[in-house]
Amino acid sequence: MNRLLLIFFSWCCLTLSVAADGMHYFLLAEDYRLGLNGQAQNSTKALQYYKKAARYNNLPAIHNIGVHYELGHGVKPSTTKALQYYLKAAQQDYAPSQYKLSCFYAQGYGVEVDTLESIQWLRLAAQQGLPEAQYDLANYYTHGLGLEQDLSQAALWYERAAQQGHVLAQATLASLYEHGLGVVVDSIQAAHWYEQAAQKGHLEAQNGLGLCYEQGFGVELDRSEAFRWYQQAAAGGLLDAQCNLARCYLNGIGVMRSASDAASWYRKAAQKGHALAQYHLGCCYAQGLGITKSETEAAHWYRMAAQQGLEEAQYQLGICYEDGSGVPQSYHDAMEWYTRAAEQGSLQAQYSIGVCYYMGQGVEQNHTKAIEWFIRAAEQGHTEAQTRMAACYEDGLGVKLDYFKADYWYRQAADNGALEAQYKLAELHFYYDLNDDSKAEAVRWFTIAAQRGHKIAQYRLGWCYENGEGVTSDMAQAAGWYLKAAEQGHTEAEFCLGKCYYYGTGVHKDAALAVTWFNKAAAKGYTDAQFALGVCYKNGQGVEVDLAQALSWFRKAALNGLAKAQYNLGVFYELGIGVEVDLPEAISWYRMAAAQGNYEAQKALQELERE
């Protein structure tokens, strides 16, 4: 027994001695490779000492000999010899050599490309904890290269590499947690791994961390911190970050608003080919934001982005051609760019194509094709297309007239908040009895649109309250809605509000205010308001009696065809009120009024004829 122990002890000592000798030569080789401990860098001598260490089966030395042959350091390059040394170390479970073999088989260095062999060596290295191998194996799972795509396995290997500080793995893992790819969405984990990579200078991670701070995703919302990270990544040349930094300057996110700085950063990224920056630079030129307004420059940058396939730019370039903004006007070219954007799913472009077919702009007019495009956009929730579809069914253009389908599409758009559709839906129910409660339904939608500031809806709602249509008559409510519409310049509402003040219905009687509102409507050619002003000047209501003004306003209303104004003008000429008596002129105006069925004019004519 003692003899066996002695033999075992001697063997252990010999092994340690051999290992020590191997490590001694390996360290000398490292000194020559790196120029350490007083040794000048010398690849040839480094290789010599690696080979001495290799005689003692020092695996790092064997591996480094392979590196020297692969790269030609201190020796003529030889892929074959590099493979031999990598294989020797790899077969003894040296992970860096296993990883090298994986790379050789993946890329066909000195061997035929063999993805399965590459994966086999890669997995061995990854299982031993080599972060580079873990990251590459994760990529294989991500893209399904040589094995079945499996994002959950990819996430597992990215995480193992990330935990060892592999910066690319950290940035990729953050993105997986952000978007829920292979893992459950986890904002805290996403922000954590973005920060780990960002602190090491990874530009995409810095940009991603900026987004987290801007949106409060996994971290407390902090727009100043978002701006700081965007700024770091932008200074490093990351185009996405430069675009985000420009957006911050434009909208005052985490920094004082500065349109000129925004335009400057958009330009930096745009000039390097960043499509979104090119589009936004075009917008800056179109609106004169931080830069001299130029429709030509706007169209130029829209084109640059559009040619890269950016949907928003393609649509905007279509608008430029349709309007002749910065480019020669061309419906044909507008249609071409709308089509490109529409094929990428742009709802606005799909709607615009429908309008082109509807109007015959750039294509032969075709209501049927217009409807096809309107429906395509409408079914995806585009409210303008939904409203247009409703109008087509209401008017029977391109489709069979159908008020119920018009109701359906107006309601789709109205429920999505489209103001014009809310008003149109009210009108549809007001004029057509689509159900037992159509008038009440009309009032409901008039109210919704009116409360959002739609002036015609405000006027129509006032009219409903005045006349008790779909709602109990309430002149105070009527006057209130007329006022809101009148304050927005709605002519009929101005006249109706004037009547409210004239008669004191729903408001206190005030002839002077009545005249004010009559004046506003009359100045726009509203015939009833012109007549009302004539009455006020004739009778001195809200103004001093002024027969010349009365005559003038009656004449304006009469020339616009108002029978009672024509009759009153006849009276003025017959009796010489504010004018010399002129019976032929009086008869002329009486006849005009009488022809329209005005009883007083007919009676006046009969009396004059008897005389």
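- Closest of all the heavy-atom pairs between L281 and R267 is CD2-CA, 3.9 Å.
- Remark: the E466 side chain and the Y482 side chain contain an N/O donor-acceptor pair separated by less than 3.5 Å.
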Pair L276-E312, side chain to side chain contact (heavy atoms under 4.5 Å, CB included): steps then yes or no: CA-CA 9 Å; L276 189 59; E312 303 97 301; 4.2 Å; yes
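- In this structure, N467 contributes its side chain and E469 its backbone to no donor-acceptor pair below 3.5 Å.
- Counted within 6.0 Å of NZ on K405, heavy atoms from surrounding residues, nucleotides or ligands total 12 or fewer; the atom is thus considered open.
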Residues V581, L575; criterion side chain to side chain contact (heavy atoms under 4.5 Å, CB included); working and verdict: CA-CA 6 Å; V581 171; L575 302 178; over 6 Å; no
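- In summary, K369 and E372 do not engage in a salt bridge, as defined by a charged side-chain N under 4.0 Å from a carboxylate O.
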Apply the test salt bridge (Lys or Arg N to Asp or Glu O under 4.0 Å) to residues K564 and E600: give CA-CA distance (whole Å), side-chain angles for both, the deciding distance (0.1 Å), then the verdict. CA-CA 9 Å; K564 58 185 176 181; E600 288 86 353; over 6 Å; no
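- The number of heavy-atom neighbours closer than 6.0 Å to CZ of R555, taken from other residues, nucleotides and ligands shown, is above 12.
- Side-chain contact between S473 and Y465 is absent, with no heavy atoms from C-beta onward closer than 4.5 Å.
- Taking the six-membered ring where the residue is Trp, Y501 and H508 present perpendicular rings, their angle passing 60° and hence far from 30°.
- Heavy-atom minimum distance, L425 versus A414: CD2-CB, 4.2 Å.
- The CG atom of L434 lies 9.0 Å from the CD atom of E441; values are rounded to the nearest 0.5 Å.
- Paired with H490 under the rule ring-ring contact (aromatic ring centres under 6.0 Å, His included), one option of Y526, Y459, F495 passes, and it is Y459.
- Formation of a donor-acceptor pair under 3.5 Å by the R591 side chain with backbone atoms of Q602 is not found in this model.
- Q316 places a side-chain heavy atom less than 4.5 Å from the side chain of Y279.
- The side-chain heavy atoms of Y358 and L397, taken from C-beta on, include a pair separated by under 4.5 Å.
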Passes side chain to side chain contact (heavy atoms under 4.5 Å, CB included), F531 versus W553? Steps please. CA-CA 6 Å; F531 176 76; W553 284 112; over 6 Å; no
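- Taking the six-membered ring for Trp and the full ring otherwise, the centers of H367 and Y357 sit at least 6.0 Å from each other.
- Side chains of T296 and S294: a donor-acceptor N/O pair is absent below 3.5 angstrom, by distance only.
- Pairing each heavy atom of Q215 with each of L221, the nearest pair is C-CD1, 4.1 Å.
- Around atom NZ of K524, more than 12 heavy atoms belonging to other residues, nucleotides or ligands sit under 6.0 Å away.
- Side-chain contact between L569 and M592 is absent, with no heavy-atom pair separated by less than 4.5 Å.
- One distance of note links CD of Q380 with CG of L347; it measures 4.5 Å at 0.5 Å rounding.
- In terms of modelled atom types and a separation under 3.5 Å, the side chain of D437 and the main chain of A440 share no donor-acceptor contact.
- Counting heavy atoms from C-beta on, the side chains of F430 and W463 come closer than 4.5 Å.
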Salt bridge (Lys or Arg N to Asp or Glu O under 4.0 Å) evaluation trace for D415 with R411: CA-CA 6 Å; D415 287 340; R411 196 174 297 273; 5.7 Å; no
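- For the residue pair H429 and D407, a side-chain donor N or O sits within less than 3.5 Å of a side-chain acceptor on the partner.
- Between W409 and F404, the gap from one ring centroid to the other reaches at least 6.0 Å.
- Side-chain contact check for Q541 and Y502: at least one donor-acceptor pair (N or O, by modelled atom type) lies under 3.5 Å.
- When side chains are defined from C-beta on, Q242 does not count as touching L245, because their heavy atoms never get closer than 4.5 Å.
- Taken from CG in L533 to OG in S552, the straight-line distance is 10.0 Å, to the nearest 0.5 Å.
- Between Y331 and Y321, the ring centre distance reaches or exceeds 6.0 Å.
- A donor atom on one side chain and an acceptor atom on the other are found under 3.5 Å apart for E214 and Y230.
- The closest donor-acceptor contact from the side chain of Q566 to the backbone of L559 lies at 3.5 Å or more, if one exists at all.
- Side-chain contact between R247 and I253 is present, with heavy atoms from C-beta onward closer than 4.5 Å.
- Taking 4.0 Å as the cut-off between side-chain N and carboxylate O, K424 and E394 do not count as a salt-bridged pair.
- Using cut-offs of 30° and 60° for the angle between ring planes, the Y423 and H454 rings count as parallel.
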Could you check I587 against Y573 for side chain to side chain contact (heavy atoms under 4.5 Å, CB included), going step by step and ending with a plain yes or no? CA-CA 9 Å; I587 291 170; Y573 277 108; over 6 Å; no
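- Between the SG atom of C356 and the CG atom of N366 there is a distance of 12.5 Å, given to the nearest 0.5 Å.
- Nearest heavy atom pair, residue A226 against residue G210, reads CB-O, 3.2 Å.
- With no hydrogens or angles considered, no side-chain donor-acceptor pair links E379 and Q386 at under 3.5 Å.
- Aromatic ring pairs are classed by plane angle as parallel below 30°, tilted from 30° to 60° and perpendicular above 60°; the pair H280 and Y266 is parallel.
- Y249 and V255 make their closest contact through CE2-CG2, 3.7 Å (heavy atoms, listed as atom of the first residue, atom of the second, distance).
- Between F572 and F554, the distance from one ring center to the other falls under 6.0 angstrom.
- Taking CG from N251 and CZ from R257, the interatomic distance works out to 6.0 Å, rounded to the nearest 0.5 Å.
- By the 4.5 Å heavy-atom criterion applied to side chains, V545 and K538 are not counted as neighbours.
- With respect to the salt-bridge test (charged N to carboxylate O, under 4.0 angstrom), the residues E427 and R460 qualify.
- Looking only at distances, a side-chain donor or acceptor of Q308 sits under 3.5 Å from a matching main-chain atom of G273.
- For the pair Y393 and K400, the tightest heavy-atom approach, listed with the atom from each and the gap, is CD2-O, 3.5 Å.
- Using modelled atom types, one finds no donor on one side chain facing an acceptor on the other under 3.5 Å when comparing Q451 with Q458.
- With no hydrogens or angles considered, a side-chain donor-acceptor pair links Y338 and E322 at under 3.5 Å.
- For the atom pair E574 CD and L605 CG, the distance stands at 9.5 Å (nearest 0.5 Å).
- R340 and E336 are joined by a salt bridge, as a carboxylate oxygen and a charged side-chain nitrogen come within less than 4.0 angstrom of each other.
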Residue pair N560, Q530: steps toward the side-chain hydrogen bond (donor to acceptor under 3.5 Å, both in side chains) verdict: CA-CA 10 Å; N560 283 330; Q530 292 170 337; 2.9 Å; yes
